[in-house]
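Notes for the one structure printed next.
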Number of protein chains: 2
Amino acid sequence: MAQVKNNYQFEDMLQKHNLKKTAPRLRVLSMMYSKNTATSQPDLESVMNDIDRVTLYRILNTFEEKGIIHKVFDLNGTANYAVCHSDCKENHHHDEHLHFNCTACKNVYCINELNMPRLTLPAGFEPQAFTLYASGLCPKCSKKGAARVN
Amino acid sequence: MAQVKNNYQFEDMLQKHNLKKTAPRLRVLSMMYSKNTATSQPDLESVMNDIDRVTLYRILNTFEEKGIIHKVFDLNGTANYAVCHSDCKENHHHDEHLHFNCTACKNVYCINELNMPRLTLPAGFEPQAFTLYASGLCPKCSKKGAARVN
DNA sequence: AATACAAATGCAACATTATTGTATTTAGAA
DNA sequence: TTCTAAATACAATAATGTTGCATTTGTATT
Ligand SMILES: [Mn+2]
Ligand SMILES: [Mn+2]
Ligand SMILES: [Zn+2]
Ligand SMILES: [Zn+2]
């Protein structure tokens, strides 16, 4: 599931976005592309504990601005970050897909293969974007039974 | 729009939920019922600045547990609280409605008059609840034109 | 009306998440 | 190799949320 990319490709990505190739950035990219779920800020911070917290925040903000990753708040309000698979451009995201929050393993999945329902709102409301969340059991956790944690 | 309730009714509400009638609780109820939008935690805290922050958190948690209010994270991850209009019971909410986040005035509206679309997810995912957000302009702000803030 | 006690509040301390400013380091261009 | 803008590291501070405990208070009971 996880997008497979090597270090050269990550370097290319940075170059294309006019970002310097630095070790912290490459590590963040590598980590996020190695997973098929979003990465929570706490996770990121504990895994990359040798990188300064502020640097992490700035890397994440930069990547988000550049359209490399998008931020998702899970159902507890925790910030999660996931790679963009849509053709997101600088300051112009197209990540209107469903986010699935597993109640057992807490992972957040981007469900790209599902188009958002366009809804009609009450008069006066002018919606510009929709965000849809679902919570429940992810494939791994539903297999193992509701009791156990992934 | 805002639900009109007087102090006696708030006292009744507390009593029905086996909660003591205290000034902080009544003030929180009064504030939340006077609006037709959700109340952000920062707002609540600045308006009720004479009530201890911890007390506010505890009141909000209690009300949420009792099914009086529900928590909504807006698109910035800020906690907002709104009164429940569905028949929410203790530890059993039914607030599966759309939340509209106005990009101009930042208000969060509960759109109860709209039923959630039941979606089919990829194999393996077992959704238990859906949460739908929309962002854009609310009626007030769309009238005034996109530039101006409410 | 006074008593008694559980519940609620207030206060202090602490934890986590996030932001801002600035000095130092470094990637990449010249 | 040198130079510089960009990026990182470090320090300080803000915002948000939690925990423990002493004090106060609502309400049931006498
Ligand atoms: Mn996503
Ligand atoms: Mn709501
Ligand atoms: Zn799971
Ligand atoms: Zn508005």
Side-chain angles (χ1 to χ4, degrees), chain A residues 7-8 10-31 38-66 68-81 90 106 108, chain B residues 7-8 10-31 38-66 68-81 90 106 108:
Chain A
N7 213 261
Y8 291 111
F10 295 139
E11 291 186 0
D12 278 351
M13 289 185 57
L14 291 178
Q15 195 160 41
K16 271 172 196 150
H17 288 96
N18 296 310
L19 297 173
K20 288 185 179 175
K21 302 167 197 163
T22 66
R25 284 177 176 163
L26 289 169
R27 285 176 59 195
V28 169
L29 281 181
S30 166
M31 161 157 185
T39 310
S40 73
Q41 184 277 330
D43 263 22
L44 203 96
E45 198 173 311
S46 65
V47 171
M48 313 257 175
N49 50 23
D50 53 328
I51 301 178
D52 190 82
R53 283 171 33 76
V54 179
T55 301
L56 280 182
Y57 278 112
R58 293 206 250 239
I59 288 177
L60 292 171
N61 286 338
T62 308
F63 284 2
E64 197 186 6
E65 280 170 14
K66 294 291 186 176
I68 299 174
I69 63 176
H70 58 281
K71 194 200 284 207
V72 193
F73 292 103
D74 67 20
L75 300 170
N76 298 316
T78 305
N80 283 251
Y81 298 88
E90 180 143 6
K106 311 297 179 196
V108 174
Chain B
N7 213 263
Y8 291 111
F10 295 138
E11 292 186 359
D12 279 350
M13 289 184 57
L14 292 178
Q15 196 161 40
K16 273 172 195 150
H17 288 97
N18 297 310
L19 298 173
K20 288 186 180 175
K21 302 166 196 165
T22 66
R25 284 177 176 164
L26 289 169
R27 286 175 59 195
V28 169
L29 281 181
S30 166
M31 161 155 185
T39 309
S40 73
Q41 186 278 329
D43 262 22
L44 204 95
E45 199 173 310
S46 66
V47 171
M48 312 256 175
N49 51 22
D50 52 329
I51 301 179
D52 189 83
R53 281 169 31 77
V54 179
T55 302
L56 279 182
Y57 279 110
R58 294 205 252 238
I59 287 176
L60 292 171
N61 285 337
T62 308
F63 285 1
E64 196 185 6
E65 281 170 11
K66 293 292 186 176
I68 299 174
I69 64 176
H70 57 281
K71 194 200 286 209
V72 194
F73 292 102
D74 67 21
L75 299 171
N76 298 316
T78 306
N80 282 250
Y81 298 88
E90 180 142 6
K106 312 297 179 196
V108 174

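Convention: sequence-line order gives letters A, B, ...; per-chain numbering from 1.
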Which atom pairs link the protein and nucleotides 26-30 of chain D when you take only N or O atoms and keep those under 3.5 Å?
unit_1, atom_1, unit_2, atom_2, d
D:dG26, N3, B:K20, NZ, 3.4
D:dT27, OP1, B:K21, N, 3.1

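- Distance from the side chain of B:P42 is smallest for D:dT16 among the nucleotides D:dT18, D:dT16, C:dT20.
- One atom, CD1 of A:I51, and another, P of C:dT25, lie 18 Å apart when rounded to the nearest Å.
- Contacts classified as side chain to side chain donor-acceptor pair (under 3.5 Å) and involving residues 13-28 of chain A (residues at least two apart or in different chains) are given here: A:R27-A:D50.
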Under the rule of Watson-Crick or G-U wobble with both distances under 3.5 Å, where | means paired to another strand and [ ] a crossing pair, DNA chain D maps to ||||||||||||||||||||||||||||||
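- Distances were taken from every side-chain heavy atom of B:R25 (C-beta onward) to each of D:dA9, C:dT17, C:dA8; the shortest belongs to C:dA8.
- The minimum heavy-atom distance between B:V28 and B:F63, with the atom names listed, is CG1-CE2, 4.0 Å.
- With rounding to whole Å, B:N18 atom CG is found 10 Å from C:dA7 atom P.
- Of the candidate nucleotides D:dT16, D:dT19, D:dC10, D:dC10 has the atom lying nearest to any side-chain atom of A:D52.
- By the 4.5 Å heavy-atom criterion applied to side chains, B:Y81 and B:V108 are not counted as neighbours.
- No side-chain heavy atom of A:I69 sits under 4.5 Å from any side-chain heavy atom of A:T39.
- Residue order along DNA chain D, read from the 5' end via each residue's closest nucleotide, puts A:P24 first among B:F73 and A:P24.
- Distance A:R58 CZ to C:dT20 P: 9 Å, rounded to the nearest Å.
- Using a 4.5 Å cut-off on side-chain heavy atoms (C-beta onward), A:Y8 and A:D12 make no contact.
- Atom CG in A:L60 sits about 11 Å away from atom P in C:dT19, given to the nearest Å.
- In this structure, A:N76 contributes its side chain and A:T78 its backbone to no donor-acceptor pair below 3.5 Å.
- Here C:dA8 presents its P atom at 13 Å from NE2 of B:H17, a figure rounded to the nearest Å.
- Residue contacts for A:Q41: at a heavy-atom cut-off of 4.0 Å it reaches the sugar-phosphate backbone alone, with no base atom in range.
- Put simply, the side chain of B:R53 and the base of C:dG10 share no donor and acceptor less than 3.5 Å apart.
- The minimum heavy-atom distance linking A:N80 with A:A38 is given by the pair CB-CB, 3.8 Å.
- Proximity of a side-chain donor or acceptor of A:D74 to a complementary backbone N or O of A:V72 within less than 3.5 Å is not detected.
- Rounding to whole angstrom units, CD1 of residue A:I59 and C1' of C:dA18 are separated by 16 Å.
- Atom CG in A:D12 sits about 12 Å away from atom P in C:dG28, given to the nearest Å.
- Closest heavy-atom contact between A:L56 and A:E45: CD1-CA, 3.9 Å.
- The CD-P distance, from A:E65 to D:dA6, rounds to 14 Å in whole Å.
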